[in-house]
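First comes the structure, then the notes that go with it.
Throughout, residue positions are numbered sequentially from 1 according to the sequence presented. When reading the values below, keep in mind they use all heavy atoms of this one structure, side chains included, and skip hydrogens, waters and symmetry mates.
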Amino acid sequence: MAYKNSEIREAEQHFLGEVAAVLNHFLTQRQERAAELAARYQQLYEAAQDEKEQAGPAYVVALQAFRVQLFAELRHWKDGLQQEGYGHLPQQMDEACKTYVEAQASQLVVREVSRSYQLSALRNPLLYPSALWFNFKLQLRTRLRRSRNAGRRLLRKAPLDVTVYRNRRLPFRALLSEQIYSTYWPGLLPLFDDFLSGQSKFVAGIWELDEAVDNYSFSVLQEQPDAALLPEGLLSRLKVLVKGGEMALETFVRAHQELIQSAFNEADRLLPKLDTLYVSQKRFRPEVLRRQVQQSLHKSQRKLGDWNRTYLALADDWAMDVELSHLYFSVFGAYHRMQGSMLQHLEEDLDAAFEQIEVYLSDSRRRLEEEAPGNPGAVLRKERRNAQHDLADRHLAGLVEKLSISFTGDFDLLKTELDKLLQGLAEQRTYIKQRGYFSGASASSIEEISPRELLQFEAIPALQKRIKALRLYSEQRLEEARLQLMGLATVWDFSLESALLLLGEADGGADKALEGALEGARRAREQLREARSLVQSIPEQADAELKGGIIQFNLDVQKLKNTDNVFELNLKVARIKALEQSRRLRKQVLEGFRTLLPQLWRVMKSGYLKLLRLVKDIKQRVGFVEHKKYMTFELSEFINETQEVLRQLPFVYQRLFQLTPTNETRFFVNREKELGELKQAWTNWQKDRFITVAVIGDKGCGVSSLLNHFLAETHITIPVLRATLGAKNFTLAQYLDFFNELFQPDQPFTSNEVLIAWLNQGDSRVVVIENLQHFYLKQVNGFENLQRLFELMSNTMKKVFWAGAFTTHTWAYLDKTLYISNYFTNEVFLQALSTEAIEEIITRRNKISGFRLQFLPDPETRERKDFAAMEEREQQVYLREQLFRKLSRLSYGNISLAQLYWLRQTRKVHEHSIDIGYIKEIDFSFIKELKAEELFVLQTIVLHDGLCLADFCSVMGKSEAAAKNLLIPMLEKGFLIRPRQKFTINPIVFNPVVNYLHSRNFIS
């Protein structure tokens, strides 16, 4: 456009190159990023649609990848808005404008003909006097010059120029600044509204198409594809959106150009009027210009900040939809993986094992049909031997063991994946109600939502409940299948045994025997097929249940996409939180009462018992009552009766619950911490550090099992020597004999020094000694062997990794007397097992046996109304919890004692189940009736972990007859047992005795 003033034309050209270019470049970049988003969306959509023909795992994986990559694109777009978004544009524009204005001339000096003011052109009447005075002076000067020219004409001189000139000082920089910030910047704001509204419609249009794609994908995965959900010509509509965004930018560029021309036209119009009364000088004062800059910048920042907030909320809202869709597809993918794993395990492992048994039974039937008519007795006996070995040991045992761990891990893995997916969701997302993304959003209009929290309270628990129910269903079916298989072996063996008995009949015995055997084979095959059908039903049930559950899960998830429902959802979450908080508060109050009341009861009971004892003592002293000795035969018979019960149980149960240390990993539970400490000690010893290890634990708590697993799992390459002390070893001869037998040297050791030298000269080795408490006897010179052992360890610990086991109370006693902890760098204490750990150990063993557990209620529980109102399954769960809780309390966390009690509760063995009775607790209050002399006996046996008669006499300083007078009555009462030569405390009464000794300060 042509301007009257060349300075304005040049200023406009500079403005276009320095300021307008910054804005156009910025907006072009944002448009290109939006177009890239659309193009990238098209690529991702086309890649995902390549797998849409089949709603299988490949399609789910493609959809997951689609969502993940789209989420990455949205995050990239949002990051761009946060780093260089519209909120940053006003500052950039302001800096560009200031640089541009500073580069312009501060003033322009213009010499021009001075002309009179037209009063009609002056807007302010107050300027009239100044204008009249200026006009008067101009006319006066003009007339004076004309008068002089009249004189000069008389003198015949050349006339002078009568034109009056003036120099105007134009505030050019101030004029440009005033036009930029008063005309250009305010004119930009409606342009921004139009352009950014179009951009928002462009992005929201892609989001709308994406929602349609999501809904179509959902229908495909639910095996009900609905093409109507997918918009017609989706890609062409995407191109239309892109074109619309480009047109919005072009429209903005044109309008922007017109705005610039308008601003500079006004400057061109004002330039001739500067430094005159027509244009006030006040409008160009520095403070006025600064105010214009601040106001324009503030308005632009607020306007574009609102728009940037709108775009961030739009990105967040869309990203939340993408996250939720990805969650649904990921859950579907996890379901496919679980189903694939289950089917693969079923086909490759279980079906093959079932097929082997099927083939075995078919071959056995064929052999009976072909070979039995000639020599039935020999064939039947051979088949029975084969059944006992090949069928039971090779095929059935392996399959039963596989079924004990099948599918459970798949359900657990699905639940774990679900938890991880939930944790991957955003903690907080923003959105605008009713999708008001077509105008700038104030901070108050932005709402927040927590997808993770909302899903945790509704959708996820419902799906997890289905998974838990399926896991329970799987365990029940697998247990039934295991019982069927266990029964199969019994059916087949019993059929063959019956057939052999039929051979003795005179009338057709051989035919009857063959017929009975074949019938047994048929029934065994039917039982096998039933077991196989039970196993095969698990993936089928999982498929049906999980598909429905995931569909419902998706419906719950979709509710979050409708942000109009968010208020209701947040209100629901707040209500649930309030209920949970009140429930926690009520629980804390109840726990406080539960903690306080038992303590109150113990204090009252203790006081009451003390009062009774005091009254009883007084009565005995004055002769009112005769002192009675309390004896319980239940204690003395407990161990023997337990052994008798064990002998009556099936052999598989005897093997599983024998009270011996285990080295099988499947039975090793809840000792990972202690095992880790042992492994760390071994690692440190290998680094050439001085390491000796003491493992401390009560008898039966699993010390030997822990050492077994440590030695088995640590992959030790040097020789390992292991010994267990069974009797007291407190003389030098016993000490040397023990190590001579352990190390088997060429020449027997004659002293501790020789032993130390031999070990230091030899190869490195590991030495594990259990029952180190037997290396001392509580008498004069009875601790010398322990001192020799400490000397041996201290001088050879660089060559030998020493590990020893002590009982808890012996360790405490020796630490106070000999400071034994100074000689061991690592102390590994075995803690009491929790109720859950004891339940897991016993349950694992029982599962392998194949027997179903049937818990029997005690008479009091059976009569309770709330118990009678329960379903049978609920009753079993309740009885199981009560039994294991009581078992843990009575065993004090000792697994051997827990197994002892468990075996005592086995009432009756059925074909497929075992009845487990209730525990009748023993009243141990009679311990408090023990005399001081008896307490000293118990203290001595506890500290020595058992003593033979001779050692007991030596420690107590009594004759053999006097010692027997003390020990035999306690043996008969059940306080002591004597499995071999040693007198030890009955494990049933061990903890109550120890607690009482501790309360009386007999032991620490």
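Asn965 places a side-chain N or O within donor-acceptor distance of the main-chain N or O of Ala961, the cut-off being under 3.5 Å. Asn729 places a side-chain N or O within donor-acceptor distance of the main-chain N or O of Gln734, the cut-off being under 3.5 Å. With hydrogens and angles disregarded, a donor-acceptor distance shorter than 3.5 Å links the side chain of His944 to the backbone of Thr940. No donor-acceptor pair closer than 3.5 Å links the side chain of Asn826 to the backbone N or O of Val693. In this structure, Asn986 contributes its side chain and Phe975 its backbone to no donor-acceptor pair below 3.5 Å. At distances below 3.5 Å, not a single donor-acceptor pair connects side-chain atoms of Thr810 with backbone N or O atoms of Phe806. Judged by distance alone, the side chain of Asn785 and the main-chain N or O of Phe775 form no donor-acceptor pair under 3.5 Å.
Ring geometry, Phe801 versus Phe710: the interplanar angle falls from 30° to 60°, so the pair is classed tilted. Under the 30°/60° scheme for interplanar angles, the aromatic rings of Phe743 and Trp758 are found to be tilted.
Classification of Arg885 and Glu836 as a salt-bridged pair fails, no side-chain N sitting under 4.0 Å from a carboxylate O.
Looking at Leu721 and Val768, their side chains never come closer than 4.5 Å, going by heavy atoms from C-beta outward. For the pair Tyr813/Ile1003, no side-chain contact is recorded, criterion being any heavy-atom separation below 4.5 Å from C-beta on. Using a 4.5 Å heavy-atom cutoff, the side chains of Leu732 and Arg788 are in contact. Ile941 is listed as a side-chain neighbour of Leu976, based on a closest heavy-atom distance under 4.5 Å. In this structure, Leu725 and Glu770 have side chains that are not in contact, with every pair of non-hydrogen atoms separated by 4.5 Å or more. Using a 4.5 Å cut-off on side-chain heavy atoms (C-beta onward), Trp682 and Ile716 make contact. Residues Val695 and Glu827 have side chains not in contact (no heavy-atom distance under 4.5 Å, counting atoms from C-beta outward). Using a 4.5 Å heavy-atom threshold, the side chains of Phe952 and Phe983 count as separate.
The side-chain tip of Lys673 does not point at the ring of Phe829 from less than 6.0 angstrom away and within 45° of straight on.
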